[in-house]
K.L.:
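My questions all concern the structure below.
Only a predicted model underlies this, so the values are computations on that prediction, with no experimental measurement involved.
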Protein chains: 2
Amino acid sequence: MSKLPSLAVVGATGAVGTVMLDILSKRPNVYGEIRLIASARSAGKKLTCRGEELTVVALSPEAFDGIDIAMFDVPDEISAEWAPIAAERGAVVVDNSGAFRMDPEVPLVVPEVNPKMAKKRPKGIISNPNCTTLSMIVAMGALNKEFKLKELVVASYQAASGAGQSGIDTLRAQISAVAGTNAGDVSNDSKAFIKDNGPFPAPLALNVVPWAGSLKEAGYSSEELKVRNESRKILGMPDLKVSATCVRVPVLTTHSLAVHAIFKKKVGRKAAQKILANADGVKLVDDPENYQFPTPAQVVGTDPTWVGRVRASLDDNHALDLFLCGDNLRKGAALNTAQIAELVAKEFN
Amino acid sequence: MSKLPSLAVVGATGAVGTVMLDILSKRPNVYGEIRLIASARSAGKKLTCRGEELTVVALSPEAFDGIDIAMFDVPDEISAEWAPIAAERGAVVVDNSGAFRMDPEVPLVVPEVNPKMAKKRPKGIISNPNCTTLSMIVAMGALNKEFKLKELVVASYQAASGAGQSGIDTLRAQISAVAGTNAGDVSNDSKAFIKDNGPFPAPLALNVVPWAGSLKEAGYSSEELKVRNESRKILGMPDLKVSATCVRVPVLTTHSLAVHAIFKKKVGRKAAQKILANADGVKLVDDPENYQFPTPAQVVGTDPTWVGRVRASLDDNHALDLFLCGDNLRKGAALNTAQIAELVAKEFN
């Protein structure tokens, strides 16, 4: 019998890392040793995974000795430095940062959409897409197979946890600050009650903020360009037209997206619903007559990409309008990373 | 000197009516008598307008005697019954309900966009558009004049007050219920804390709900079709392609919209910004480098349509992406009604 591959979780103590340990405990057990790695500050901490108590070790080149697969859930600059070190020591790296996503020698993988790309990794590194792209791409990939995508127009409703634990803490504090007040009224806007915007450029409670990430070319935010560039790379369609407007909303976890998708082939509502109902990793909830559609409160903590409000455009028989929700900490981060690592683990059979 | 026209405010005690009395008190005084009309239940109530205390009278055919202009801010079915009665008695009706908006004999007027239509009113009735359409149409009208619109793809971020006072009360109660709890966490979603969804089909606090209005053809909501049909009528473009997805967000007042607009002429970011900066009724706030863009918390209580995040599409030199905010109780309802009434009042000079 072949030896089970060993796995390192780098960034085990972070927001995504915490979800990762939960996911690893619940999914099929395909690993031998699991080693938890974090900053020196967290070394020695004890965490539970697969029912075993594990002691966190500090990030160092030697920490990767004997590791076959290393998942990275750390900031871009830490990944940029340490992923190549882990790869050089023989580990296949699955990286959830933005450091390598657009590197032509690093595949960007969504197992339901482009699993074969995981094997094409000259640097020994595989990237995991951004959470906003991941909240729609499984469903769009399924529709693309049938109808051939031409253009995507995306408006996002992004959760606070996309900005990390400080995003969650900030929104919780702001909700408490405005509760029971007249914040949001004409003459008493939320600024009177909200003193700390945390990682956001404006108050988020009782508000929406049309900004995520940093300023890039032509007035677009980094988040908006990620949706465009990553969708193109994952789908293998470098000329796909993509326009995105990314907006933060006062939701803790689970991103939502309104998508207007234009296809090369004619599309119909029922045909699209059928494809989505049968697609791997997609849950169709689309019965507006009974007010059944996905909302973040319903989706949080679950694995699939939820899709509802499927409509054939009234003015373009090649276009669909849809509303999608995905847990940005699960499929949007930890789950997809775990799924990629499982693809790699199969190579050890 | 010509006599100033008399004005009736029907529905003076409602959410929009209350804003209307404030607006009438602050705008140029172009009316003689102002008469407040409401249901029999509210008759006798005293309200202040233009610094005068006025006594509300009950809705009856005689209540319109001597009235030159009658604004209606009441439910569709009340308007459908009573607007023709007021018109028959000689009043020009400005109606804020949905009862007559798509009637080919009733103009749908936005004074900054199609003021001349206000005179073409064979039934003596002028309609005021839906609040979501109004939150973008002034800006889109200005861009249309220069670049000629071909298509609009709209995703809305609609405030609770679009569902009336019960929407406001419901969201406030839900915010208080979830404050300081672990609602929104994976294992403790908001349903455990929110018992009353009020006028919404799902909890709104810490959530977004992709539904507004009632179910219409092909899975679209009434609100989504209003954006399409009213935009076409106001712009005088019956073949304009419009796709809308309408989503309720946990904001009290002020609707926001992400708009992808495709034009017949080539468009550029700077040219579009210049037009918007100079357009009547539009306020451009577009400096992402300094995190300056409109948010509902900043816009609530103000009159203009605020526009920011203006971007020329990277993949289509005929397309712009924008983010717009408008106070749905002011420009989205009472203010536009008041502006239409002022157009009519000028005819009495």
Side-chain angles (χ1 to χ4, degrees), chain A residues 151 153 155 157 175-176 178-180 184-187 189-191 201-203 206-211 215 217-221 228 241-243 245 247 249-253 256 258 260 269 286 288-289 291 293-298 300-301 308-316 319 321 323, chain B residues 151 153 155 157 175-176 178-180 184-187 189-191 201-203 205-211 215 218-221 228 241-243 245 247 249-253 256 258 260 269 286 288-289 291 293-298 300-301 308-316 319 321 323:
Chain A
E151 184 170 355
V153 180
Y157 303 73
I175 291 282
S176 292
V178 301
D185 276 1
V186 176
S187 53
D189 79 24
S190 48
K191 280 174 232 151
L206 296 176
N207 205 14
V208 302
V209 181
W211 194 258
L215 180 62
E217 66 196 275
Y220 283 89
S221 69
R228 175 172 175 260
K241 291 164 80 173
V242 184
S243 277
T245 297
V247 179
V249 295
V251 166
L252 287 163
T253 295
S256 304
H260 180 75
R269 186 179 184 211
D286 191 13
E289 197 165 356
Y291 298 119
F293 27 69
T295 74
Q298 182 183 18
V300 62
R309 302 297 328 279
V310 179
R311 291 149 290 157
S313 169
L314 298 173
D315 300 320
D316 181 351
D321 289 297
F323 185 80
Chain B
E151 184 170 354
V153 180
Y157 303 71
I175 291 282
S176 292
V178 301
D185 275 2
V186 176
S187 52
D189 78 24
S190 48
K191 280 175 233 152
L206 297 177
N207 205 13
V208 302
V209 181
W211 193 257
L215 179 61
Y220 283 90
S221 70
R228 174 172 177 259
K241 290 164 82 172
V242 183
S243 277
T245 297
V247 179
V249 296
V251 166
L252 286 163
T253 296
S256 304
H260 180 75
R269 187 179 183 210
D286 191 14
E289 197 164 358
Y291 298 119
F293 27 70
T295 74
Q298 184 183 18
V300 62
R309 303 296 328 280
V310 180
R311 291 148 291 157
S313 169
L314 298 172
D315 300 320
D316 181 351
D321 289 298
F323 185 79

K.L.:
With a 4.5 Å cut-off on side-chain heavy atoms, are Arg228(B) and Asp315(A) touching?
P.N.:
yes
K.L.:
Is any side-chain heavy atom of Glu217(A) less than 4.5 Å from a side-chain heavy atom of Leu314(B)?
P.N.:
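Yes, their side chains come closer than 4.5 Å.
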K.L.:
Are the side chain of Tyr157(B) and the backbone of Tyr157(A) linked by a donor-acceptor contact shorter than 3.5 Å?
P.N.:
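No, because the side chain of Tyr157(B) does not come within donor-acceptor range (under 3.5 Å) of the backbone of Tyr157(A).
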K.L.:
Name the region of Ser243(A), side chain, backbone, both or neither, that has any atom closer than 4.5 Å to a heavy atom of chain B.
P.N.:
both
K.L.:
Take His260(A) and Thr245(B), measure what side-chain contact (heavy atoms from CB on, under 4.5 Å) needs, and give me the verdict at the end.
P.N.:
CA-CA 9 Å; His260(A) 180 75; Thr245(B) 297; over 6 Å; no
K.L.:
Counting only heavy atoms closer than 4.5 Å, note whether Pro210(A) contacts chain B via side chain, backbone, both or neither.
P.N.:
both
K.L.:
Give me the atom names and distance for the closest heavy-atom approach of Ala179(A) to Ser176(B).
P.N.:
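For Ala179(A) and Ser176(B), the tightest heavy-atom pair comes out as CB-CA, 3.9 Å.
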K.L.:
Counting heavy-atom pairs under 4.5 Å to chain A, which of Pro294(B), Ser256(B), Pro250(B) comes out on top?
P.N.:
Pro250(B)
K.L.:
Can you list everything that forms a side-chain hydrogen bond (donor to acceptor under 3.5 Å, both in side chains) with Arg309(A)? Sequence neighbours excluded, please.
P.N.:
Glu224(B)
K.L.:
Suppose we screen for ring pair (Phe, Tyr, Trp, His ring centres under 6.0 Å). Which residues come up paired with Phe293(B), at least two apart in sequence or across chains?
P.N.:
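Scan of Phe293(B) (ring pair (Phe, Tyr, Trp, His ring centres under 6.0 Å), adjacent residues dropped) gives Trp211(A).
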K.L.:
If you round to the nearest 0.5 Å, how far is CG of Leu215(B) from OH of Tyr291(A)?
P.N.:
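It is 8.5 Å, given to the nearest 0.5 Å.
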K.L.:
Against chain A, label Pro296(B) side chain, backbone, both or neither, depending on which of its atoms sit under 4.5 Å from a heavy atom there.
P.N.:
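Both parts, backbone and side chain.
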K.L.:
Val251(B) versus Val208(A): any side-chain heavy-atom pair under 4.5 Å?
P.N.:
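Yes. Closest side-chain heavy atoms under 4.5 Å.
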K.L.:
Measure the shortest side-chain to side-chain distance between Leu252(A) and Leu206(B) over non-hydrogen atoms and say whether it is less than 4.5 angstrom.
P.N.:
yes
K.L.:
Give the member of Asn207(A), Ile175(A), Val242(A) that has the highest number of heavy-atom pairs under 4.5 Å with chain B.
P.N.:
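Among the listed options, the one with the most contacts to chain B is Asn207(A).
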K.L.:
Side chain, backbone, both or neither: which part of Phe323(A) has a non-hydrogen atom closer than 4.5 Å to chain B?
P.N.:
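For Phe323(A), the side chain is the part near chain B, not the backbone.
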K.L.:
Hey, which of Ala218(A), Ala155(A), Ala202(A) has the most heavy atom pairs under 4.5 Å with chain B?
P.N.:
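Of Ala218(A), Ala155(A), Ala202(A), Ala218(A) has the most heavy-atom pairs under 4.5 Å with chain B.
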K.L.:
Which region of Ala312(A), side chain (C-beta onward) or backbone (N, CA, C, O), has a non-hydrogen atom less than 4.5 Å from a non-hydrogen atom of chain B, or is it both or neither?
P.N.:
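Just the backbone, heavy atoms under 4.5 Å.
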K.L.:
Can you tell me which of Asp321(B), Asp316(B), Val209(B), Asp286(B) forms the most heavy-atom pairs within a distance under 4.5 Å of chain A?
P.N.:
Asp321(B)
